[in-house]
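So the structure is just underneath, and the comments pick up after that.
Below, chains carry the letters A, B, ... as their sequence lines are ordered, and counting in each starts from 1.
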Amino acid sequence: MRVRFAPSPTGNLHIGSVRTALFNWVYAHKIKGKVVLRIEDTDLKRSEPQFETNILEGLKWLGLDMDEGPESPGDTGPYRQSERMETSFYKSYVDQLLTDGKAYYCFETAEELEAEKEAAELSGVAYQYSGKALSLSPEEIKSKLDLGTSYTVRFHIPENQKVTVPDMIRGDVVFDSDLLSDFIIQKSDGSPTYNFAVVVDDITMAISHVIRGEDHLSNTPRQILLYEALNAKVPQFAHLPIILGPDRSKLSKRHGAKSVTEYREEGYLADTLINYLSLLGWAPPEGREILTRTELVDLFDIGRVSKSGAVFDVTKLKWMNGMYIRRLSEEALLEAVTPFISEDLQSKLVKYSDSQRQAMVVAVRDNLELLSDVNAYLEVFSLSFEAYCTKIAALSFSESDIKVQQLAYDAIDSSSDLDSQFVGTLLDDIIEQTGLGKGKVFKPLRLATSGFGSGPALGDYIPILGKDVVLERLRHGLSKGAN
RNA sequence: GGCCCCAUCGUCUAGCGGUUAGGAUACAUGGUUUUCAUCCAUGCGACCGGAGUUCGAUUCUCCGUGGGGCUACCA
């Protein structure tokens, strides 16, 4: 059992591709088969090596390891179509079809074809290739070839045939061959077209299950006809529902869809992306949503993949990322978050010890949805006294606020051990002494000690800030007096 | 235009002839060491329409409507 993931390096690894890669990966692990990575770079004009690198790195980061691919060749390589072309790999299959009379030379230029298409469009008729080249005599063909006339090779669609696509998700989908036009399998530059290259590659790579996006479903009958013409066994197919943007059209850049690299840079965890994507078009039987990869493989059932398109919902992605951030061990959290702390912030935090810095990150973790959110929440600790004063300047405190702050000041001033427990009892004491509600106590203290109206728990950040800083700030607040 | 696929809360989905149509997210409210957040509880919120099959349709069939995809010398 072999499956494959076959991206084309015409852009960075994007979310839709990852979903396809993931489902292939999960399915392969489920059935104990192999996943093959094949780079489909037959579009010489648009393919770029940098994009291949991006795809490879993205897969690696996501932990979607491929059993065979350009970096880990097996014995069905090469794994780049461009390299396969060099050995006239596809050529021999084209020749086979040519000699069998299942394909033919075609000498029309792209411009001529374009004109035919426009004419068809104007008269409201579905475009079909005219078949002009079919009436060429062997002599005519030979002379054109001898003259070096530019040509393409077209596959001759068998007439009046029902083509059935065996699909593991949708069941059998039947097409009528008469509605298909003879299509080009070899471009005038000698390279194979997509529909032809995939088939030859999947045959020679011994792919047993083709799992890909639904956008390929309509092309499948052409490919099946090719399998048959080449006397090869037709694989099982599975066409995954397409991922949609908010307007329910195919997700694309214009929806603000980002590459994996960008999600990574924004502070999403690889596990989040994997888990979220696994739930787009699939759900485990008991509906649990936070799943490890192992659970994913265990619970996966391709028959449970849904048929309708799924809208990519960033809000839920963020929620899930928060869930994963909270599940990280402290070490993993630190490691994940560190690269996201800005240089500016780093420099302002050097005055703290390593363990204090760790404590800060742990203190703010519940506020994080993206790793990059740390910068905003860590500001409580980086604020200079001047910056603090500026923030405080616009605030006004009431009589009771001042009273609370004074009580806190006195208690902290005389404290010997300013830890979280001390802060806890201090707060309880103040509530008891003043008879004020919790809000009336906590809010002015948070404002006076941090300059922020929100952030980590008082007991978490006050001890890290330290006695000196806290007293300095409280003193300033008190000096403002009540109004 | 032609062909193909699809259709349950705003969104992701469970359901596979009889259910108070379930969960998650989002939103609202309440609770927890206050505010933001976490966590917990509660609430709001859906079967596209019409025929047919059936004792009974969200579920099966057909038609309609809507959405999407494909229809390249792109993949």
Pick the P atom in B:A28 and in B:G64, then give their distance to the nearest Å.
-> 43 Å
Rounding to the closest angstrom, what is the interatomic distance between B:G66 and B:C47 at atom C1'?
-> 16 Å
Whole Å only: how far is the CD atom of A:E118 from the P atom of B:G1?
-> 19 Å
Does a distance-only test, which skips hydrogens and angles, find a donor-acceptor pair under 3.5 Å between the side chain of A:S249 and the base of B:G68?
-> no
Return yes if some donor-acceptor pair links the side-chain N/O of A:Y388 with the main-chain N/O of A:R473 below 3.5 Å, else return no.
-> yes
Considering heavy-atom distances to RNA chain B, does A:L244 or A:L368 have its closest nucleotide positioned more toward the 5' end?
-> A:L368
Does the side chain of A:Y276 come under 3.5 Å of the side chain of A:D313 through a donor N or O and an acceptor N or O?
-> no
State whether the distance check finds a donor on one side and an acceptor on the other, under 3.5 Å, for side chain A:R326 versus base B:U38.
-> no
B:U59: pairing nucleotide in any strand, Watson-Crick or G-U under 3.5 angstrom | none
Ignoring hydrogens and angles, does a donor from either the side chain of A:K117 or the base of B:A72 sit under 3.5 Å from an acceptor on the other?
-> no
Are the ring centres of A:H216 and A:Y194 closer than 6.0 Å?
-> yes
Roughly how many Å is it from CZ in A:F5 to P in B:A75, rounded to a whole number?
-> 16 Å
Can you tell me how far P of B:U11 sits from NZ of A:K316, to the nearest Å?
-> 13 Å
Can you tell me, in whole Å, how much space there is between the P of B:G67 and that of B:G31?
-> 46 Å
Base of B:C74 paired with side chain of A:R46 (donor-acceptor, under 3.5 Å) = yes
Just by distance, with hydrogens left out, do A:R80 and A:T42 show a side-chain donor and acceptor under 3.5 Å apart?
-> no
A:N367 (side chain) and B:C36 (base): donor-acceptor pair under 3.5 Å | yes
Heavy atoms under 4.0 Å, any strand shown: does A:R212 hit a base, just sugar-phosphate, or nothing?
-> nothing
Using whole Å, report how far CG of A:N321 lies from P of B:U38.
-> 13 Å
Both distances under 3.5 Å, Watson-Crick or G-U wobble: report the partner of B:G66, or none.
-> B:C6
Would A:R212 and A:H239 count as having a side-chain donor-acceptor pair, cut-off 3.5 Å?
-> yes
Side chain A:S188 and base B:C73 donor-acceptor under 3.5 Å | yes
A:R248 side chain: which of B:U11, B:U33, B:A24 is closest?
-> B:U11
Looking only at atom P, what distance separates B:C12 and B:G68, rounded to whole Å?
-> 14 Å
Considering only the C1' atoms, how many Å lie between B:C9 and B:U33, rounded to the nearest integer?
-> 36 Å
Does B:A14 have a Watson-Crick or wobble partner in any strand here, with both distances under 3.5 angstrom, and which is it?
-> none
A:R84 versus A:T204, side-chain donor and acceptor atoms under 3.5 Å = yes
